[in-house]
**Q** 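Structure below; questions to follow.
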Amino acid sequence: MRNAIGVKFGAALFAATLTPILYFGYHDFTAERERLADEKLRELYVNCVSRAKSMEWAVINAHADLNSLRTAMPLRFLLDIPEGKPDAIPYWRSLVEQEFHRFLSLKTDYAQVGLIDADGDETLILSRNGTSLVSRPREELRNRLTAPHFTAVASLERYGIAAIPMRDAADPRRPLGEVTLLRYAAQVYDRLGRPRYVLYIDLNGAHTEYSLTHTTFETRRPAALLTGAGRYLYDPFAEERAPQRSGGGPTDIRDEYPSEVTRQILSGRSGVIADDPAALYAYAPLHPQVGDPSFYYVLFDRYPRSELEPALAPLRRRYQVGAAVALGLALALAAGVSGALTRHLRKLRNGVERIAARDLTHRIDIRSGDEIERLAAAYNDMAASLKEYHEGLERKVAERTEQIRAVEKRLTHAQKLASIGFLAAGVAHEVNNPVAIILTRIDLLRNALGRDAGTTVVKDLEVIRHHAARIGQIAGGLLTFSRSAPGPVGPVDVNRIAARVCGLIAHPLAKKGIVLATQFTEGPLMARGSETGLEQTLYNLLYNAYQATGEGGTIRVVTGVDVSEVVISVADDGIGIAPEHLDRVFDPFFTTKEPGEGTGLGLSISYGLVKEYDGALSVRSEPGAGAEFTIRLPAMAAGVSAPGAQEASAHV
């Protein structure tokens, strides 16, 4: 016993101790993980936005430098050489080349400067080759009439500058610093406003790569560069992927990230993505063409969520140590407390075994000052109660036997009532025949006397005929109520049945001084049921109301329609029913009447009959304010009429 209680008590203590540790640990881990994620998102976002702004400055500078270069004095003189002096062109071209050389020497952000004439022929190209500047020989110059940078400039307005992408995807075999990413080109006009040349400059790929990879206090990580269509231009995360695909890994962002993530990254707006389960993302657009939002590159950075877990290790270790200490304390406490408990529990077990051996005189003496002592006292009280119960068991059996005899007596009385009903049926049948003969003879005598007979004789015959007809009605009512079966179920006229039952009980009510008030709907009121069953039910309810109502009281019978149900209510202002009896009034053999005044079967039989018709019988009452019984039956569609108002009050 000691070990079992110790284990259970230890488990309970451990659960009680560990539950708050797990609860607060979960919330602390969640909060710390969210804090780290928010901090990392801010770092990623600043990283992308700061690099995008740095590269946009290069775009703005490219516009300014191109405008400055096309207004250089040697180039203006080259444009204004008269057509009749072609010998001067080489001289001024050499001066323009010197200007280009000076420009590239000072502007390390550019890799190449070129000049193309109006026919698309390359006139002068100066490129950066490592640390030196090289001019392309005349024999290597080509016609660029259909080149993108030439055709794009031709469609611009006067003095406009076109940004031409020179690379649409990453080439794993060539670093970004060795290629040109963007070319800016513009037309050059002579003094008469005629376009004579196309001037372009190429951004240095090494400068772009430096902007993407160089780390400062605010930009601590490299950033990837994409085209607006999702193609990689620079991918610093390629080495993190394992295993890479053949050919150097994905070249399109859509091939490795979920569609919702790529949709946001390529939206042309800046932002962060914090709801992806695998990684955190930040992105910012870069617009190379001033005034054209449709042409953009995207800088984005990603951080796997799995890399946040190492930062949670110190917090995890603290909670692990706390859980281990809590387990040790719980086990030690369980061992001490369970030992104290089991010592007294053995005494209690011994006492229970003595009771099982029918020794009701044994008592337990425990002085612990806690619940165990109270349990021992309860045990002693229980033993005393069992002894008292054992001694009074025969008396209780005798009382139960007497109750069973009372129930048998009620059953016998119910059988007597059934026999009386059978006898009443025979009497009613025998009475009907002579009553019919008396009525016939009275009609013959009245016809034989004619109109000239004495008034007194005719009146006496009318009185005799009236009372004989009443005897026939009473005998017919007895015959109806003596039937043993409720009859076939079908559409019945509730108003006609209620009127017939009210007429049958009107005489006893009048003798007792009770007013019978009726309110029936106009016309036939058809419901599902049987005539004899409903007659018996209404008679039982009216008879109960008769017994509960004193002289001068009122019994009200109302019929009506409620949606698809026919409603019959029988209400009185008698003594009412006690609240504790309301739930039992429909139980067989339950009655609050004096012995000999009722069997307790009337309401239960009525309840069963109404249930057979798919209806419901309910009651509401307050002591001293009377009772109201309500019958609800399914209405028959052919016979239900709109509720009307037909009231009659009788004091017979």
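From a predicted model like this one, the values you see are computed outputs, not experimental measurements.
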**Q** Output the distance between atom CD (Glu622) and atom CD1 (Ile577), rounded to the nearest 0.5 Å.
**A**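 Answer rounded to 0.5 Å: 11.5 Å.
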**Q** Rounded to the nearest 0.5 Å, what separation is found between the CG atom of Leu633 and the CG atom of Leu534?
**A** 6.0 Å
**Q** Under 3.5 Å, is there a donor-acceptor pair between the side chain of Asp493 and the main chain of Met526?
**A**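 The answer is no, because no donor-acceptor pair under 3.5 Å joins these two groups.
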**Q** Short question: side chain of Asp276, backbone of Ala279 - any donor-acceptor pair under 3.5 Å?
**A**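 A pair under 3.5 Å: yes.
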**Q** To the nearest 0.5 Å, how far apart are CD in Gln519 and OG1 in Thr559?
**A** 8.0 Å
**Q** Ignoring hydrogens, what is the shortest heavy-atom contact between Gly533 and Leu609? Give both atom names and the distance.
**A** O-CD1, 3.6 Å
**Q** Kindly say whether Gly576 contributes a backbone atom to a donor-acceptor pair with the side chain of Ser621 at under 3.5 angstrom?
**A**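 No.
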**Q** So which atom in Arg305 and which in Pro277 form the shortest heavy-atom distance, rounded to 0.1 Å?
**A** CD-O, 3.2 Å
**Q** Take Thr30 and Glu34 through the test side chain to side chain contact (heavy atoms under 4.5 Å, CB included) and record every step on the way to the result.
**A** CA-CA 6 Å; Thr30 302; Glu34 291 178 354; 3.6 Å; yes
**Q** Just by distance, do the side chain of Arg556 and the backbone of Ser569 share a donor-acceptor pair under 3.5 Å?
**A**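 No.
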**Q** Just by modelled atom types, is the Glu522 backbone N or O under 3.5 Å from a matching donor or acceptor in the Asn495 side chain?
**A**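 Here the side-chain-to-backbone pair does not exist.
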**Q** Rounded to the nearest 0.5 Å, what's the gap from CG on Leu542 to CD1 on Ile505? Could you check?
**A** 5.0 Å
**Q** Do any pairs count as a salt bridge (charged side-chain N to carboxylate O under 4.0 Å, His left out) and have a residue in residues 19-32, sequence neighbours left out, and if so which ones?
**A**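 Applying salt bridge (charged side-chain N to carboxylate O under 4.0 Å, His left out) to every pair that reaches into residues 19-32, excluding sequence neighbours, yields Glu32-Arg35.
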**Q** Apply side chain to side chain contact (heavy atoms under 4.5 Å, CB included) to the pair Arg33 and Glu309, showing each step before the final yes or no.
**A** CA-CA 8 Å; Arg33 187 178 285 108; Glu309 294 303 317; 3.2 Å; yes
**Q** Which residues pass the ring-ring contact (aromatic ring centres under 6.0 Å, His included) test with Phe629, not counting sequence neighbours?
**A**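 Phe629 satisfies ring-ring contact (aromatic ring centres under 6.0 Å, His included) with no residue once adjacent residues are dropped.
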**Q** Which distance, rounded to the nearest 0.5 Å, do you find between the CD of Gln264 and the OG of Ser259?
**A**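 One finds 10.0 Å between CD of Gln264 and OG of Ser259.
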**Q** Would you name the heavy atoms of Ala498 and Phe520 that are closest together and state the gap between them?
**A**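 Closest heavy-atom pair between Ala498 and Phe520: CB-CZ, 3.8 Å.
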**Q** If you compare all heavy atoms of Thr549 against all heavy atoms of Lys512, which two are closest, and at what distance to 0.1 Å?
**A**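 Smallest heavy-atom distance, with atoms named: O-NZ, 2.9 Å.
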**Q** Please give me the minimum heavy-atom distance between Val557 and Cys502, naming the atom from each residue.
**A** CG2-SG, 4.1 Å
**Q** Kindly indicate, with the supporting measurements, whether the criterion side chain to side chain contact (heavy atoms under 4.5 Å, CB included) is fulfilled by Ile631 and Leu541.
**A** CA-CA 10 Å; Ile631 302 173; Leu541 298 179; 3.7 Å; yes
**Q** Which heavy atom of Ala527 sits nearest a heavy atom of Val494, and at what distance?
**A** CB-CG2, 3.7 Å
**Q** For Thr554, does its backbone N or O pair with a side-chain atom of Asp573 as donor and acceptor, under 3.5 Å?
**A**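 Yes, the answer is positive, given that a donor and an acceptor are paired below the 3.5 Å cut-off.
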**Q** If I take atom CD1 from residue Ile514 and atom OH from residue Tyr546, how far apart are they, to the nearest 0.5 angstrom?
**A** 6.5 Å
**Q** Run the numbers on Leu280 and Val272 for side chain to side chain contact (heavy atoms under 4.5 Å, CB included), then give the verdict.
**A** CA-CA 8 Å; Leu280 304 171; Val272 296; over 6 Å; no
